[in-house]
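Have a look at the structure below before the remarks.
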Amino acid sequence: MANLADPKNTIEILNKYHIIFQKKYGQNFLIDEHVIRKILNAAGISKEDTVLEIGPGIGTLTQYLCESAGKVIAVEIDRNLVPILENDTLAAYDNVRIINDDVMKIDLKALIDTENGGKPIKVAANLPYYITTPIVMSLLEARLPIENITVMVQKEVAARMQAKPGTPDYGALSLAVQYYSEPYIAANVPVNCFMPRPGVDSAVIRMQLYKDPSVSVRDEKLMFATIRASFNQRRKTLLNGICNSSELSFSKEQVTNAIREAGLPENVRGETLSLEQFALLSDNLKNADSNNI
Ligand code: SAM
């Protein structure tokens with residue numbers, strides 16, 4: 001069986017099966033063993049682990065996952081790649097299950113129940129960039145039994161996920177990721193590690209999931225609506241952002257009070273608030289709301 005981290009072997013498989021890269025599926029295959037090892041190390045994969053791989057492609061990362069993990073579940077949307085995985089590139093492994101499906105549509109809770117008795121799994125992937133944020137957010141929001149998610153994403157997206165308050169990359173994505181997990185950028189990956197080369201640089205980010213969210217808040221939905229409102233109009237004050245939100249309907253007085261009770265100045269901008277401060281602000285807004293009822 002040919003090791004696909006060697007570009008010669010990847011080219012051979014591409015030619016043998018006349019593979020045309022499907023742009024609509026974000027197909028950029030890895031051709032660098034060093035990068036693959038970074039993913040395995042960051043995820044801390046051992047024979048004890050069951051790993052879900054999203055988008056195995058022709059099976060490059062999957063080969064290494066099969067060597068290192070106890071079991072691998074690989075979900076690939078492109079049905080043309082499935083016979084190649086089953087009959088050729090992963091044929092030597094008996095610890096892999098290949099599923100031809102869209103990861104956004106599959107019932108992952110049921111899959112983890114049947115494949116791993118409901119015990120926590122790890123997620124590893126070189127994610128398709130057209131759908132990175134929806135995949136990561138749905139994994140986090142579903143509160144699935146997942147220990148960590150270690151994925152290749154666009155460098156800019158990784159920076160936003162890990163950003164701290166007051167920095168240019170800080171925004172709703174940073175807060176959502178950091179509510180559920182502790183992100184850590186494990187590697188920066190240049191375009192020449194892929195075939196074909198993507199238009200942008202990439203990074204490997206590991207999100208270690210918390211057992212419970214990192215802050216407690218009375219109404220999660222209200223907190224995230226408040227966060228979206230504050231970043232929708234970045235140059236406006238937090239007060240104006242919340243008052244102008246189409247999702248929220250608080251009076252100017254209610255918002256002013258909630259901001260003051262959170263110990264913040266009236267002209268504060270949302271981009272400086274920590275997750276804890278957003279949680280407190282949202283609890284104050286919730287109080288204002290119930291005072292009205
Ligand atoms: N893991 C391979 C590698 O590293 O060489 C391929 C990575 S490629 C960036 C992304 C893969 O995800 C492609 O094989 C693509 O067909 C697959 N994919 C795209 N959208 C998907 C979806 N919604 N569900 C499952 N797989 C998807």
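Whatever order the structure lists ligands and atoms in, that order sets their numbers, starting from 1.
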Ligand 1 atoms in contact with Val75 (distance to a heavy atom under 4.0 Å) = 25 (C), 26 (N)
Protein contact of atom 5 (O) of ligand 1 - nearest heavy atom, named by residue and atom, plus distance = Leu30 N, 2.8 Å
Which atoms of ligand 1 are found less than 4.0 Å from any heavy atom of Asn28?
-> 7 (C), 8 (S), 9 (C)
Above 12 or not: heavy atoms from other molecules or residues under 6.0 Å from OH of Tyr184?
-> no
Look at atom 19 (C) of ligand 1 and say which protein heavy atom is nearest, naming residue and atom and giving the distance to 0.1 Å.
-> Tyr25 O, 3.2 Å
Among protein heavy atoms, which sits nearest to atom 20 (N) of ligand 1, and what does the distance come to when rounded to 0.1 Å?
-> Tyr130 OH, 2.9 Å
Which residue supplies the protein heavy atom nearest to atom 2 (C) of ligand 1, what is that atom called, and how far is it?
-> Pro56 O, 3.2 Å
Atom 23 (N) of ligand 1 sits nearest the protein heavy atom Asp102 OD1, 2.9 Å
Which of these, Ala5, Gly26, Gly55, has its nearest heavy atom closest to atom 8 (S) of ligand 1?
-> Gly26
Distance to 0.1 Å, residue and atom name: give those for the protein heavy atom nearest to atom 24 (N) of ligand 1.
-> Val103 N, 3.0 Å
Would you indicate whether Lys105, at its atom NZ, is surrounded by more than 12 heavy atoms from other residues, nucleotides or ligands within a distance under 6.0 Å?
-> no
Gln22 atom CD: more than 12 heavy-atom contacts under 6.0 Å | yes
For ligand 1, which atoms sit closer than 4.0 Å to a heavy atom of Glu53?
-> 1 (N)
Val204 versus Val189: any side-chain heavy-atom pair under 4.5 Å?
-> yes
Residue, atom name and distance, where the atom is the protein heavy atom closest to atom 16 (O) of ligand 1 | Glu76 OE2, 2.6 Å
Using only heavy-atom distances, determine whether the side chains of Glu141 and Tyr180 contain a donor-acceptor pair under 3.5 Å.
-> no
Does Glu276 CD have over 12 foreign heavy atoms under 6.0 Å away?
-> yes
Heavy-atom contacts under 4.0 Å between Ile135 and ligand 1: side chain, backbone, both, or neither?
-> neither
Examine the side chains of Asn28 and Tyr129 and answer whether a donor and an acceptor come within less than 3.5 Å of each other.
-> no
Answer side chain, backbone, both or neither: which part of Ala125 comes under 4.0 Å from ligand 1, heavy atoms only.
-> neither
What residue and atom, counting heavy atoms only, is the protein's closest point to atom 26 (N) of ligand 1, and at what distance?
-> Ile77 N, 3.3 Å
Mind checking whether Gln27 has a heavy atom under 4.0 Å from ligand 1?
-> yes
Report yes if the side chains of Ile146 and Ile121 come closer than 4.5 Å at any heavy-atom pair, otherwise no.
-> yes
Look at Arg37 together with Glu33 and state whether they make a salt bridge at an N to O cut-off of under 4.0 Å.
-> yes
Run the numbers for me: atoms of ligand 1, each under 4.0 Å from some heavy atom of Asp101, listed by number.
-> 24 (N), 25 (C)
Does NZ belonging to Lys122 count more than 12 external heavy atoms closer than 6.0 Å?
-> yes
With heavy atoms of Asn126 as the reference, note each atom of ligand 1 found under 4.0 Å away.
-> 3 (C), 4 (O), 7 (C), 8 (S), 9 (C), 10 (C)
